[in-house]
Amino acid sequence: FKDYKLLKEETITVDGKEGKSILFGYSVNAGGAVLKMKMQTIYVMVNNKCQTISFGSPGTEFDALASDIQKIVRSIEFN
């Protein structure tokens with residue numbers, strides 16, 4: 001990604017399994033405009049397979065989604 005910047009890295013738990021959450025910012029060209037984005041990607045190993053959960057939005061809107069993201073992550077159940 002253009003202008004990649006690591007914003008936060010932490011260990012989290014998803015459905016009782018330890019995972020890694022990475023929050024980063026970057027810029028992307030879309031339709032002739034430059035969008036400054038934020039993305040959170042969560043990596044969790046389940047049955048020896050890496051599962052990824054990703055959330056992204058324009059950077060100015062991402063923080064307003066934090067409570068929704070937390071609810072979604074808490075609701076995830078792996079089979």
- Identify the two heavy atoms, one from V44 and one from G19, that lie closest to each other, and give their separation to 0.1 Å. CG2-CA, 4.2 Å
- Task: Report yes if some heavy atom in the side chain of Q40 is under 4.5 Å from a heavy atom in the side chain of F62; otherwise report no.
- Result: yes
- With side chains defined as the heavy atoms from C-beta onward, is the minimum distance between I42 and I12 less than 4.5 Å? yes
Can you give each donor-acceptor pair under 3.5 Å made by side-chain atoms of residues 22-33, sequence neighbours left out, with the distance rounded to 0.1 Å?
{"unit_1": "S27", "atom_1": "OG", "unit_2": "D3", "atom_2": "OD2", "d": "3.1"}

Can you give the donor-acceptor pairs under 3.5 Å from side chains of residues 63-79 to other protein atoms, not counting sequence neighbours?
{"unit_1": "D63", "atom_1": "OD1", "unit_2": "K38", "atom_2": "NZ", "d": "3.4"}
{"unit_1": "S75", "atom_1": "OG", "unit_2": "I72", "atom_2": "O", "d": "2.8"}

- Should Y4 and L35 be regarded as members of a common hydrophobic cluster, given that ILVMFWY residues are connected when their side-chain heavy atoms come within less than 4.5 Å of each other, either directly or indirectly? yes
- If Ile, Leu, Val, Met, Phe, Trp and Tyr residues are connected whenever their side-chain heavy atoms lie under 4.5 Å apart, and connections chain through other members, are M37 and M39 in the same group? yes
- Message: Quick check on the hydrophobic clustering: are V46 and I53 connected, directly or via other members, by side-chain heavy-atom contacts under 4.5 Å?
- Response: yes
- Query: For residues 5-30, which residue pairs qualify under salt bridge (Lys or Arg N to Asp or Glu O under 4.0 Å), counting only residues two or more places apart or in two chains?
  - Reply: K8-E10, E9-K20
